[in-house]
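All of these numbers come straight from a predicted model, not from anything done at the bench.
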Amino acid sequence: MHDLGAGFGYLMKGQRWVAGHGRWFGFGLLPGLVTLVLYAGALVGLAYGADNLTAWATPFADDWSSPWLGLFRGSLTVLVFALGLFLAVITFTAVTLLVGQPFYESLSEEVDRAEGGEVPRSEFPLWRELWISARDSLRILVRVTLYGVLLFALGFVPVVGQTVIPVLGFCVSGFFLAEELTAVALQRRGVALKERLRLLRGRRMLALGFGVPLTLAFLVPLVAVFLMPGAVAGATLMVRELTAPPEDASSDDDAVAGGQGARRPGVPLSMDK
């Protein structure tokens, strides 16, 4: 339970950090605002065109009599828009991070610099970083979708489906949201997706304490825009703990001499793995 509270604490520390560095807060707002405008335009277009889309997709119903034609296509139109809204919610963070890669990387570096110690920098050019981010985000989206389908099916189980399953759904979303946000700082440290997931699984409650409250807040896209800079800052602070060597460790040479030559968290991995 200590890690659960610590994760939420990092979320709050990140918001306080950007509140105390107003320039970086405004800097970090730009990608979220751009993404919000793009998503709003897409959803408005979908709202106006969903009925035409369902009519085009169901030519077999053209000869149906009233009111069945209207009820059938009206229901499909609502489902199409609901699906679009669902996809917008689950992809908003990933797209915002992709659009704002240079912004959030600079913000994350500034947090590391302000907190002291090493300030890792990516060795890859911007186009390569964007490719890695897009590739990893797609992998995470596939995982979230698979979990979503499973949880949706389990939602039809009486009692459990209306109580336990929604909680599990928020936990899954929170964990992967924490992964997406910590990826900004971990990618600069050369940590690949597989290792990022291993780090977060090792501190699962820490990730949930950070990600679940943020998931609940991100259900409102406008709130997500204003919380995103602080979320990136808080994720960077959390990464500093996740990649810090154990306090009782001596040195790398002593560890190797003692037969403990395993790689410590935070040592860069190849990003192509």
Step by step, work out the side chain to side chain contact (heavy atoms under 4.5 Å, CB included) result for Val184 and Gln101. CA-CA 8 Å; Val184 177; Gln101 176 76 18; 5.6 Å; no
Using the rule given for side chain to side chain contact (heavy atoms under 4.5 Å, CB included), can you reason through Leu181 versus Met228, listing the C-alpha separation, both sets of side-chain angles and the distance that settles it, and then say yes or no? CA-CA 9 Å; Leu181 289 165; Met228 184 66 79; 3.8 Å; yes
Passes side chain to side chain contact (heavy atoms under 4.5 Å, CB included), Glu110 versus Val18? Steps please. CA-CA 11 Å; Glu110 184 62 24; Val18 294; over 6 Å; no
Show, in sequence, the C-alpha distance, side-chain angles and deciding distance for Val37 and Leu33, and conclude whether the side chain to side chain contact (heavy atoms under 4.5 Å, CB included) test is met. CA-CA 6 Å; Val37 170; Leu33 290 173; 5.6 Å; no
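Taking 4.5 Å as the limit, every side-chain heavy atom of Thr236 sits out of range of all side-chain heavy atoms of Val239. Side chains of Leu199 and Leu186 form a contact here, defined as non-hydrogen atoms less than 4.5 Å apart.
With values rounded to the nearest 0.5 angstrom, Leu237 atom CG is found 8.5 Å from Trp17 atom CH2. Arg16 CZ to Leu11 CG: the interatomic distance, rounded to the nearest 0.5 Å, is 10.0 Å. A distance of 11.0 Å separates CG of Leu76 from CG of Leu71, quoted to the nearest 0.5 Å. The distance from atom CG of Leu46 to atom CG of Leu53, rounded to the nearest 0.5 Å, is 7.5 Å. In this structure, CG on Leu36 lies 9.0 Å from CZ on Phe226, to the nearest 0.5 angstrom. We find the NE2-CG distance between His2 and Leu206 to be 9.5 Å, quoted to the nearest 0.5 Å.
Counted within 6.0 Å of OH on Tyr48, heavy atoms from surrounding residues, nucleotides or ligands total 12 or fewer; the atom is thus considered open. Residue-environment remark: OH (Tyr39) exceeds the threshold of 12 foreign heavy atoms within 6.0 Å.
Counted by atom type alone, Thr215 and Ser173 present zero donor-acceptor pairs between their side chains at under 3.5 Å. Side-chain atoms of Ser108 and Arg188 form a donor-acceptor pair, as typed in the model, at a separation below 3.5 Å.
When all heavy atoms of Ala50 and Thr77 are compared, the closest pair comes out as CB-CG2, 3.7 Å. The two residues Pro166 and Thr163 have their closest heavy-atom pair at CD-O, 3.4 Å. Between Asp51 and Thr54, the closest heavy-atom pair is O-OG1, 2.8 Å. Ala207 and Ala178 make their closest contact through O-CB, 3.7 Å (heavy atoms, listed as atom of the first residue, atom of the second, distance).
Tyr147 meets the ring-ring contact (aromatic ring centres under 6.0 Å, His included) test with Phe176; sequence neighbours excluded. Listed by chain and residue number, Trp24, Phe103 satisfy the ring-ring contact (aromatic ring centres under 6.0 Å, His included) test with Phe27 (two or more places apart in sequence, or in another chain). Under the side chain to side chain donor-acceptor pair (under 3.5 Å) criterion, Glu241 pairs with Tyr10, Arg203, not counting sequence neighbours.
Met12 and Val111 fall within a single hydrophobic cluster, where Ile, Leu, Val, Met, Phe, Trp and Tyr are joined by side-chain heavy atoms under 4.5 Å apart, directly or via other members. By the criterion of side-chain heavy atoms lying less than 4.5 angstrom apart, applied directly or through intervening Ile, Leu, Val, Met, Phe, Trp or Tyr residues, Val78 is not grouped with Phe72; the two fall into different hydrophobic clusters. Under the 4.5 Å side-chain heavy-atom criterion for ILVMFWY residues, no single connected hydrophobic cluster contains both Leu138 and Trp131. In the hydrophobic cluster analysis, where Ile, Leu, Val, Met, Phe, Trp and Tyr join through side-chain heavy atoms closer than 4.5 angstrom, Phe92 is grouped together with Val223. Residues Leu208 and Val164 are members of one and the same hydrophobic cluster, defined by side-chain heavy-atom contacts under 4.5 angstrom among Ile, Leu, Val, Met, Phe, Trp and Tyr.
Among Lys194, Arg196, Glu180, Glu179, the one residue that satisfies the side-chain contact (heavy atoms from CB on, under 4.5 Å) test with Asp136 is Arg196.
Counting only distance, with no hydrogens or angles, the side chain of Tyr104 and the backbone of Gly28 share a donor-acceptor pair below 3.5 Å.
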